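To keep things clear, I will list the structure first and then write my remarks on it.
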Amino acid sequence: MPNRLSRHVLIFFLLFAIAFSAKAQLSDLARLEYSFVPKKESEDEYYRLRGLVNFPIRVKDKNFIVVGAEYNGVIMHLEDHYPFPKSELDRFHIIDFSLGYTFVNKKDWRFGGKFVPRIASTFSKPLTWEDFFINAGVYAVKDRMKDDTARKPNRLILGVTYNSTTGLPFPLPYVNYHRRFHPHWSYVLGVPKSNMKYHFDPQMDKDVLQLYVTLDGFYGHVQNKIMVYDKEAEYMSMSMVVTGLGYEHSFTDHLAFYIYTGYTLRQRTILRDKNNDEVFRLDDLNTFYFRGGLKYKI
């Protein structure tokens, strides 16, 4: 039962990661980010460097082709004792290339879709087909956040996503709802992130404090397969459920700094076999979480 639960949580995280990326692609043109997760009662540590760029190409008045790329460099400092060679897990490299198209219909719904080939690997030897993954998503957005006629500005995102790393051969739905119910307050309900925000100055809207719950993590191929108690591990996954406080300051209408601090409500780092079943769990200790960076947005 614990193995099945861990796998289901991983699938839940991965299915919505691509949908969250599609949402970010609507607004973020560039992002540079650093994450750090120290391990309480353990000497292990996890770092991640993330950078992304999206380049929209106008094809009509409100229709765009969006070409993008994203890199995540994951560094695992494994200092605890484990029954396998830890050096094979030092670094993971996750590279996404994306091609999307978005357009607006006559009823002001924005529709879009994107195709995202991914490389997620330790890069310890030449790439093979096991290092490549395919993600895709389609979505529809009704955005009334800047509509002066809306009594309470809101944005609804509906989508369908597919992620090849889950092992499920069919797409699943995605829903995200954002509402500004008071000049100083707004909220987001959805996955992988929900929050409650306080806007210090509703007119300028430069400083925002939020209480959030989010999912984070990664999934990658271990090229030099690891033997653990007569079982062969080919993949590694980390999945976290995090809650805490976040702060964002906008220097201009487009450039913003953000920082999130918090604590993991659930954390799993697992070696998996070719069928995605659990081979070995590195740890499940909840711990401090930090993430911060700069973003350039529309």
Side-chain angles (χ1 to χ4, degrees), residues 14-33 50-72 94-119 132-166 168-180 186-195 197 205 248 250 252-256 295-298:
L14 290 170
L15 282 170
F16 290 102
I18 183 64
F20 179 67
S21 178
K23 176 180 177 294
Q25 184 166 330
L26 294 176
S27 59
D28 290 353
L29 298 182
R31 182 189 290 255
L32 185 63
E33 182 179 277
R50 179 190 182 201
L52 69 85
V53 292
N54 289 305
F55 185 71
I57 303 169
R58 188 191 300 271
V59 293
K60 286 186 179 180
D61 182 32
K62 295 182 179 181
N63 300 358
F64 294 87
I65 293 174
V66 184
V67 180
E70 179 175 337
Y71 171 76
N72 285 266
I94 303 168
I95 303 171
D96 287 348
F97 300 97
S98 61
L99 178 63
Y101 179 71
T102 176
F103 64 94
V104 177
N105 73 353
K106 294 181 180 179
K107 296 184 179 181
D108 292 329
W109 276 87
R110 177 168 290 279
F111 295 91
K114 74 172 186 174
F115 172 71
V116 187
R118 166 176 292 181
I119 302 171
F132 290 85
F133 305 92
I134 296 296
N135 302 325
V138 294
Y139 52 91
V141 182
K142 183 69 170 181
D143 193 345
R144 303 187 68 193
M145 294 302 297
K146 296 181 180 180
D147 186 348
D148 295 334
T149 65
R151 188 170 64 89
K152 294 183 179 180
N154 60 85
R155 178 173 59 238
L156 175 65
I157 303 176
L158 303 173
V160 178
T161 67
Y162 172 78
N163 191 308
S164 61
T165 58
T166 63
L168 299 178
F170 52 85
L172 285 185
Y174 166 81
V175 178
N176 181 282
Y177 182 68
H178 181 193
R179 184 162 185 167
R180 187 78 170 257
S186 67
Y187 66 83
V188 172
L189 294 177
V191 176
K193 184 177 181 179
S194 295
N195 60 41
K197 290 184 177 181
D205 217 15
E248 181 174 319
S250 296
T252 69
D253 290 340
H254 303 289
L255 182 64
K295 62 182 178 180
Y296 187 82
K297 57 186 180 179
I298 297 175

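Residue numbers count from 1 along this sequence. Computed from a prediction, not measured in an experiment: that's the story for all the values here.
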Distance (rounded to the nearest 0.5 Å) between [X] [atom1] and [Y] [atom2]:
| X | Y | atom1 | atom2 | result |
| --- | --- | --- | --- | --- |
| D96 | N135 | CG | CG | 6.5 Å |
| N176 | K193 | CG | NZ | 10.5 Å |
| L52 | S98 | CG | OG | 9.0 Å |
| Y187 | N154 | OH | CG | 8.5 Å |
| I119 | F133 | CD1 | CZ | 10.5 Å |
| L255 | L29 | CG | CG | 11.5 Å |

Exercise. Flag the pair S194 / V188 as yes when at least one side-chain heavy-atom distance between them is below 4.5 Å, and no otherwise.
Key: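 Not touching, per the 4.5 Å side-chain cut-off.
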
For [X], give me all partners under side chain to side chain contact (heavy atoms under 4.5 Å, CB included), at least two apart in sequence or on another chain.
| X | result |
| --- | --- |
| F103 | N63, Y101, F111 |
| V104 | K62, D108, R110 |
| L32 | none |
| F55 | I57 |

Practice problem: List the steps and the verdict of side-chain contact (heavy atoms from CB on, under 4.5 Å) for V53 and Y71. | Solution: CA-CA 9 Å; V53 292; Y71 171 76; over 6 Å; no

Only counting residues at least two apart or in another chain, list the ones meeting side chain to side chain donor-acceptor pair (under 3.5 Å) with [X].
| X | value |
| --- | --- |
| R180 | none |
| S250 | none |
| D143 | none |
| K197 | none |

Exercise. Might you work through the side-chain contact (heavy atoms from CB on, under 4.5 Å) test for L99 and V67, ending with a clear yes or no?
Key: CA-CA 5 Å; L99 178 63; V67 180; 4.0 Å; yes

Practice problem: Report yes or no: does N72 contribute a side-chain atom to a donor-acceptor pair with the main-chain N or O of E70 at less than 3.5 Å? | Solution: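 No; judged by distance alone, with no hydrogens or angles, the pair does not exist.
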
Self-check item: Residue pair E33, K295: steps toward the salt bridge (charged side-chain N to carboxylate O under 4.0 Å, His left out) verdict
Solution: CA-CA 8 Å; E33 182 179 277; K295 62 182 178 180; over 6 Å; no

Practice problem: Name all residues meeting the salt bridge (Lys or Arg N to Asp or Glu O under 4.0 Å) criterion together with R179; count only those two or more places apart in sequence or in a different chain, and write none if there are none. | Solution: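 Salt bridge (Lys or Arg N to Asp or Glu O under 4.0 Å) list for R179, sorted by chain: empty.
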
Quiz item: Does the pair I95 and R118 meet the rule for a side-chain contact (heavy atoms from CB on, under 4.5 Å), with working shown?
Solution: CA-CA 6 Å; I95 303 171; R118 166 176 292 181; over 6 Å; no

Quiz prompt | Working for side-chain contact (heavy atoms from CB on, under 4.5 Å), residues K142 and R155 | solution = CA-CA 6 Å; K142 183 69 170 181; R155 178 173 59 238; over 6 Å; no

Quiz prompt | Salt-bridge criterion met for D28 and K297 (N-O under 4.0 Å) | solution =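 No, D28 and K297 are not salt-bridged.
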
Quiz item: Looking at residues at least two apart in the chain, or sitting in another chain, which of them share a ring-ring contact (aromatic ring centres under 6.0 Å, His included) with F97?
Solution: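 Testing F97 for ring-ring contact (aromatic ring centres under 6.0 Å, His included), a comparison that skips the adjacent residues, returns none.
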
